Q: 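For reference, the structure I am asking about is given below.
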Number of protein chains: 2
Amino acid sequence: MGLPVDTIIEGDCLEALKKLPDRSVDLVFADPPYNLQLGGDLLRPDNSKVDAVDDHWDQFESFEAYDAFTRAWLKECRRVLKDDGAIWVIGSYHNIFRVGVAVQDLGFWILNDIVWRKSNPMPNFKGTRFTNAHETLIWASKSRGGRRYTFNYDAMKMANDELQMRSDWTLPLCTGDERLKDGSGAKAHPTQKPEALLHRVILASTKPGDVILDPFFGTGTTGAVARRLGRKFVGIEREAEYAALARKRIAQVTPATADEMAVTGSKRAEPRVPFGTILEAGLLRPGDVLYCPKGRNAARVRADGSLVVGEVSGSIHKVGALVQSAPACNGWTYWHFKSDKGLAPIDVLRAKVRSQLPA
Amino acid sequence: MGLPVDTIIEGDCLEALKKLPDRSVDLVFADPPYNLQLGGDLLRPDNSKVDAVDDHWDQFESFEAYDAFTRAWLKECRRVLKDDGAIWVIGSYHNIFRVGVAVQDLGFWILNDIVWRKSNPMPNFKGTRFTNAHETLIWASKSRGGRRYTFNYDAMKMANDELQMRSDWTLPLCTGDERLKDGSGAKAHPTQKPEALLHRVILASTKPGDVILDPFFGTGTTGAVARRLGRKFVGIEREAEYAALARKRIAQVTPATADEMAVTGSKRAEPRVPFGTILEAGLLRPGDVLYCPKGRNAARVRADGSLVVGEVSGSIHKVGALVQSAPACNGWTYWHFKSDKGLAPIDVLRAKVRSQLPA
DNA sequence: CCCAGGCTTGAATCCCGAT
DNA sequence: CATCGGGATTCAAGCCTGG
């Protein structure tokens, strides 16, 4: 059987993969189940319920079962890849370590791990952990030192304001009109990926006309972006509903002219510098004293970047407002530290930290 | 043998770990060998040679050998951890996936993976990949649903300008004066971590006085920051040179006072004030009426601190939940009393009582 | 038509001490 | 160890509604 290009194969991922010919695709992009292992319901502070990913396809009996599944589909993907091909897999801390080990053990050669920093992640509602604000992608060639993989270095550099593209990408979640809805207006797929992410992946690691295989096609983000960028795709999807939506979606895509392929700009976030960073950088130490411009009011710095005056504590802004009985206060310009040249605003420390951050 | 606190144990990591007592440390921070599999020398565009990590301690024969080593030291660390303890491990894509799987397989429970975004990474000189601009840390508790790990949520939030701290941390590499040099002015250790990174780790996940074990102590960044923040450490280091440098470095650190170590505390830790106390203090009287924020629902206060609405009575929380048909409710913020300035939440009365409690 | 303010939502391993 | 119940907990975007 030849390779069924620009087609969605409906059915089990493994069985479908086994029917594809050896060395026939240029790139694999895979967004497998994450095996989340969630507990009970999670309520927001306003008591609304978080719409959890509790679909049957994300349930595995054990790590062993997940590993076996992972190795099986990865092995087939490797067989189907051309010798100069490469693979991308996306995941979270729940599964990505297991995926990474399988990738290495099967003989792939990791080129980068990429961090997708979400500009608008869901917060940690209960205050129990750090906000889980990123996902991880692994990019690997078929083998170490084999035939050369594709990397469009200059296109990536161009897309990043002429600086080398880094391993951390800041992109928003898939929301708004881009997010596919079902008949009732609810999201059609629980984990639809943003097209911007696929845009960067495909632009970085394929050439026009290349064939991209996505064994967990879902609602077809890979196919839609591939088509828009003048690449071909092969999708595998078990759920008929998702496949139908994907077909409709891809049919609406107009392939871009060479012209239009230029850049989706990378939103560069303001380098906000929290006051706590000043302490981490060692520019101030816990216990140091800050003064108001005239040196009258004094406050003590704590290790977490809060200030203390008498009984009250809070951020540099809050405490600054408080000691002045003002409605608000810019702590960066109000508070001063003692330097060898007398009192200086802590804003100069922020400037020092900023000068070490990427633009 | 007891736990040798604020000490560097010179010797093999595994042998030393085996001598430490069960359930004796609060936190493990580990920066193990990354098992970098470098090819030949790497040259910069100007033909200067990149100073690679090619130390013998970073060489392993195979993935299997690295896995066996990883599991061995992780297993000992888990034994040595208290039941409410936690572990941090830092690595790059070369090893972090293998570490992560070992962590999961040994029964640790991953809490977050944290991305350290380097603000000043080494560029990719060959233009063959994305600039490798981050490393990954895994934070895991000793077991799933075991005794509660330490997370100073409020301190982290304060250190991040009152926004939840996210899983991506932007920090510069260890350079300048902080970077230890050997006699000839070359860097003393190839992978010295920045103190800012340890500052955040330790502030987030330990309490003052806690003991932090670092089985790959190197030049003692963990020890130096632990000492500065009023924590204790146990370091294990095989290379006598590194250990000597670490000792000298740590001796120069001035520990923070208890005062200086204090950070923003959590509300959960504040003393409980039963609602009845508000009545006992005369701040409200039996028969007074409380209102929901918009003034629509009203409830009558009884002498024992219960509320009555129509036929039902109960705690401020229960009745609050009931009148809203909500699964839960914080009565302190939901119910309001009539003051001369309009409706005010009864939480201000609790604050009044708390401020009069003995320290 | 625009703007301000409110509502909704996103791959989430999401409370904790007292009894 | 399970249960009970007090009461703590959210950020950025996009969409909608009302003025």
Side-chain angles (χ1 to χ4, degrees), chain A residues 31-55 57-60 63 90-96 116 118-136 170 172-179 181 185-187 189-194 216 218 267 269, chain B residues 84 104 108-113 139-141 144-149 151 153-154 157 160-167 266-275 305 314-318 320-321 326-335 346-347 350:
Chain A
D31 181 10
Y34 287 10
N35 188 25
L36 283 187
Q37 306 183 51
L38 303 178
D41 286 347
L42 176 62
L43 299 182
R44 302 167 195 265
D46 66 1
N47 281 323
S48 65
K49 204 173 114 189
V50 172
D51 187 12
V53 177
D54 52 4
D55 305 71
W57 48 254
D58 200 47
Q59 312 292 325
F60 291 82
F63 282 138
I90 183 168
S92 66
Y93 67 85
H94 310 85
N95 70 322
I96 198 65
W116 168 27
K118 303 177 183 180
S119 53
N120 50 348
M122 187 162 73
N124 181 291
F125 295 115
K126 303 293 188 186
T128 55
R129 304 180 178 192
F130 297 96
T131 305
N132 192 6
H134 73 276
E135 295 187 23
T136 301
T170 306
L173 295 169
C174 179
T175 60
D177 288 340
E178 189 189 324
R179 189 85 194 216
K181 306 295 191 297
K187 61 188 174 193
H189 191 285
T191 70
Q192 187 183 339
K193 295 294 177 287
F216 306 97
K267 274 190 213 167
Chain B
D84 59 354
Q104 289 181 313
F108 290 102
W109 191 244
I110 297 182
L111 299 168
N112 277 117
D113 61 333
W139 176 39
S141 62
R144 179 178 193 172
R147 282 191 55 207
R148 175 77 185 171
Y149 55 91
F151 179 51
Y153 173 78
D154 300 277
K157 189 169 175 177
N160 192 40
D161 280 359
E162 314 203 55
L163 290 177
Q164 288 190 337
M165 188 73 81
R166 302 170 30 126
S167 57
S266 82
K267 286 193 182 172
R268 291 187 210 274
E270 284 185 42
R272 293 284 277 269
V273 176
F275 180 62
S315 72
I316 53 173
H317 314 295
K318 278 252 171 78
C329 166
N330 181 341
W332 291 107
T333 53
Y334 181 71
W335 294 109
I346 58 176
D347 207 21
R350 179 170 64 162

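Proteins get letters first, then strands, A, B, ... in listed order; numbering begins at 1 in each. This one's a predicted model, so the numbers in the text were calculated from it and none came from an experiment.
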Q: What integer number of Å spans the P atoms of D:dG7 and C:dG10?
A: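 Pairwise P distance, D:dG7 against C:dG10, rounds to 33 Å.
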Q: Other residues, nucleotides and ligands only: do more than 12 of their heavy atoms fall within 6.0 Å of CZ on B:Arg148?
A: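 Result for CZ/B:Arg148: enclosed.
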Q: Rounded off to whole Å, could you give me the CH2-to-P distance for the B:Trp332 and D:dG5 pair?
A: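 About 18 Å, once rounded to whole Å.
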Q: Out of C:dA11, D:dG6, D:dA12, which nucleotide sits closest to the side chain of B:Ser315?
A: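 Closest nucleotide to the B:Ser315 side chain: D:dG6.
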Q: Quick one: label A:Pro194 by what it contacts on the DNA or RNA (base, sugar-phosphate, nothing), any heavy atom closer than 4.0 Å.
A: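 Since no nucleic acid heavy atom lies under 4.0 Å of A:Pro194, the category is nothing.
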Q: Would you mind classifying the nucleic acid contact of B:Arg350 as base, sugar-phosphate or nothing, using non-hydrogen atoms under 4.0 angstrom?
A: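 The residue B:Arg350 makes sugar-phosphate contact but no base contact.
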Q: Under 4.0 Å from any atom of DNA chain D, heavy atoms only: list the residues of residues 37-51 of chain A that qualify, in numerical order.
A: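 Nucleic-acid contacts, sorted: A:Pro45.
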Q: Atom OH in B:Tyr149, atom CZ in A:Arg129: separation rounded to 0.5 Å?
A: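 Rounded to the nearest 0.5 Å, the OH-CZ separation comes to 5.0 Å.
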Q: Any base atoms under 4.0 Å from B:Arg272, or only sugar-phosphate, or nothing? Heavy atoms, all strands.
A: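 Sugar-phosphate, no base atom in range.
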Q: Would you say that A:Lys193 contacts A:Asp31 through its side chain, given a criterion of any heavy-atom pair below 4.5 Å between the two side chains?
A: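 A:Lys193 reaches A:Asp31 side chain to side chain.
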Q: Base, sugar-phosphate, or nothing for A:Thr191, non-hydrogen atoms under 4.0 angstrom?
A: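 Base, at least one base heavy atom under 4.0 Å.
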Q: In dot-bracket form, how is DNA chain D paired, counting a Watson-Crick or G-U wobble pair only if both its distances are under 3.5 Å and using | for bases paired to another strand?
A: .|||||....|||||||||
Q: Would you kindly give the CG-to-P distance between A:Asp54 and C:dA12, to the nearest whole Å?
A: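 Answer to the nearest Å: 11 Å.
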Q: Suppose you measure atom C1' in C:dA11 against the same atom in D:dC15; what distance do you get, rounded to whole Å?
A: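 After rounding to an integer number of Å, I get 23 Å for this pair.
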Q: Expressed as a whole number of angstroms, how long is the span from B:Arg147:CZ to C:dG17:C1'?
A: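 Atom-to-atom, B:Arg147 to C:dG17, this comes out as 12 Å.
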Q: When we call it a touch if two heavy atoms are under 4.0 Å apart, what does B:Ile110 touch: a base, just sugar-phosphate, or nothing?
A: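 Result for B:Ile110 = base.
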Q: Describe the nucleic acid contact of A:Asp58 in one word from base, sugar-phosphate, nothing, applying a heavy-atom distance below 4.0 Å.
A: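 Base contact - A:Asp58 has a heavy atom under 4.0 Å of at least one base atom.
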Q: Among C:dC14, D:dG7, C:dA11, find the nucleotide with the atom closest to the side chain of B:Asn330.
A: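 That would be D:dG7.
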Q: Quick check on DNA chain C: between A:Lys126 and A:Lys193, whose nearest nucleotide comes earlier from the 5' end?
A: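 Its nearest nucleotide being more 5', the pick is A:Lys193.
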Q: Please report, rounded to the nearest Å, how far the P atom of D:dC11 is from the CE atom of B:Met165.
A: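 That distance rounds to 12 Å.
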Q: Pick one for D:dT10: is it syn, with its angle within 90° of 0, or anti?
A: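 Glycosidic conformation of D:dT10: anti.
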Q: Which part of the nucleic acid, if any, lies within contact of A:Cys174, taking any heavy atom under 4.0 Å across all strands shown: a base, the sugar-phosphate backbone alone, or nothing?
A: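 A:Cys174: no heavy atom of the nucleic acid under 4.0 Å.
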Q: Once rounded to the nearest 0.5 Å, what's the spacing between atom OG of B:Ser141 and atom CD1 of B:Ile110?
A: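 Here the rounded value is 10.0 Å.
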Q: Taking side chain as C-beta onward, heavy atoms only, is A:Phe125 less than 4.5 Å from B:Gln164?
A: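 No, every pair of side-chain atoms sits at 4.5 Å or beyond.
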Q: What's A:Asn132 touching, base or sugar-phosphate or nothing? Going by heavy atoms closer than 4.0 Å.
A: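 Sugar-phosphate, no base atom in range.
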Q: For the residue pair A:Pro121 and A:Asn132, establish whether any side-chain heavy-atom pair is separated by less than 4.5 Å.
A: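 No, every pair of side-chain atoms sits at 4.5 Å or beyond.
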Q: Counting side-chain heavy atoms from C-beta on, which of D:dG7, C:dC14, C:dT13 comes nearest to A:Asn124?
A: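 The closest nucleotide is C:dC14.
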Q: Answer yes or no: is there a donor N or O on one side and an acceptor on the other, between the side chain of A:Gln192 and the main chain of A:Glu178, under 3.5 Å?
A: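 Yes.
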Q: At under 4.0 Å, does any side-chain N or O of B:Arg148 touch on OP1 or OP2 of C:dC16?
A: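 Yes, B:Arg148 has a side-chain N/O under 4.0 Å of OP1/OP2 on C:dC16.
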Q: Can you identify which nucleotide, out of C:dC15, C:dG10, D:dC11, has its nearest atom closest to the A:Thr128 side chain?
A: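 My answer, after comparing the listed nucleotides, is C:dC15.
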Q: What contact category does B:Pro274 fall into here, base, sugar-phosphate, or nothing, at under 4.0 angstrom with non-hydrogen atoms?
A: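 Result for B:Pro274 = nothing.
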Q: Sticking with atom P, work out how far C:dG17 lies from D:dT9, rounded to a whole angstrom.
A: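 My reading of the P atoms in C:dG17 and D:dT9 gives 14 Å.
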Q: If we take the C1' atom in both C:dT13 and D:dA13, what is their distance in whole Å?
A: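 To the nearest whole Å, 26 Å.
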Q: What's the spacing between B:Arg166 CZ and B:Asn112 CG if we round to 0.5 Å?
A: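 The CG atom of B:Asn112 is 12.0 Å from CZ of B:Arg166, to the nearest 0.5 Å.
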Q: When the C1' atoms of C:dC7 and D:dT10 are considered, how many whole Å apart are they?
A: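 That atom pair is separated by 14 Å.
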Q: Supply the atom-to-atom distance B:Trp335 CH2 to B:Ile316 CD1, rounded to the nearest 0.5 angstrom.
A: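 Going from the CH2 atom of B:Trp335 to the CD1 atom of B:Ile316 covers 9.5 Å.
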Q: Name the closest nucleotide to the A:Leu36 side chain, picking from C:dC15, C:dA12, C:dA11.
A: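 Within the option list, the nearest is C:dA11.
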Q: Taking the side chain of B:Lys267 as heavy atoms from C-beta outward, which of C:dT13, D:dA8, D:dG6 is closest to it?
A: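 That would be D:dA8.
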Q: Stacking check: are the rings of A:Phe125 and C:dC14 less than 5.5 Å apart at their centres and under 30 degrees in tilt?
A: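 By the stated criterion, A:Phe125 and C:dC14 do not stack.
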Q: Among C:dT13, D:dT10, D:dG5, find the nucleotide with the atom closest to the side chain of B:Gln164.
A: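 Ranking C:dT13, D:dT10, D:dG5 by closest atom to the B:Gln164 side chain puts D:dT10 first.
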Q: Compare side-chain N and O positions of B:Tyr334 against OP1 and OP2 of D:dG6 and report whether any pair is under 4.0 Å apart.
A: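 B:Tyr334 to D:dG6 OP1/OP2: no side-chain N or O under 4.0 Å.
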Q: Testing the basics here: between A:Arg179 and A:His189, what is the closest heavy-atom pair and its distance to 0.1 Å?
A: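 Smallest heavy-atom distance, with atoms named: NH2-O, 2.7 Å.
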Q: Ring centroid separation for A:Trp57 and A:Phe216, is it under 6.0 angstrom?
A: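 A:Trp57 vs A:Phe216: aromatic centres not under 6.0 Å.
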Q: Write down the distance between CH2 (A:Trp57) and P (C:dA11), rounded to a whole number of angstrom.
A: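 Distance, rounded to whole Å: 11 Å.
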Q: Specify the separation, in whole Å, of atom CZ of A:Arg179 and atom C1' of D:dC15.
A: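 It is 15 Å, rounded to the nearest whole Å.
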Q: It should be established whether B:Lys157 places a side-chain nitrogen or oxygen under 4.0 Å from OP1 or OP2 of nucleotide D:dT10.
A: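 For B:Lys157, the contact criterion (side-chain N or O under 4.0 Å from OP1 or OP2 of D:dT10) is met.
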Q: Within the structure shown, what part of the strands sits under 4.0 Å from A:Asp31 by heavy-atom distance: base, sugar-phosphate, or nothing?
A: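 Base contact - A:Asp31 has a heavy atom under 4.0 Å of at least one base atom.
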Q: Report the distance from atom CD1 of A:Ile90 to atom CD1 of A:Ile96, rounding to the nearest 0.5 Å.
A: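 Atom-to-atom, A:Ile90:CD1 and A:Ile96:CD1 are 8.0 Å apart.
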Q: Taking OP1 and OP2 of D:dG6, is either one under 4.0 Å from a side-chain nitrogen or oxygen of B:His317?
A: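 Indeed not, no polar side-chain atom of B:His317 lies that close.
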Q: Can you tell me, in whole Å, how much space there is between the C1' of D:dG5 and that of C:dA12?
A: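 It comes out at 25 Å once rounded to the nearest Å.
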Q: A:Glu135 and side-chain hydrogen bond (donor to acceptor under 3.5 Å, both in side chains): which single residue from A:Tyr34, A:Trp116, A:Tyr93 fits?
A: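 Among A:Tyr34, A:Trp116, A:Tyr93, the one that satisfies the side-chain hydrogen bond (donor to acceptor under 3.5 Å, both in side chains) with A:Glu135 is A:Tyr34.
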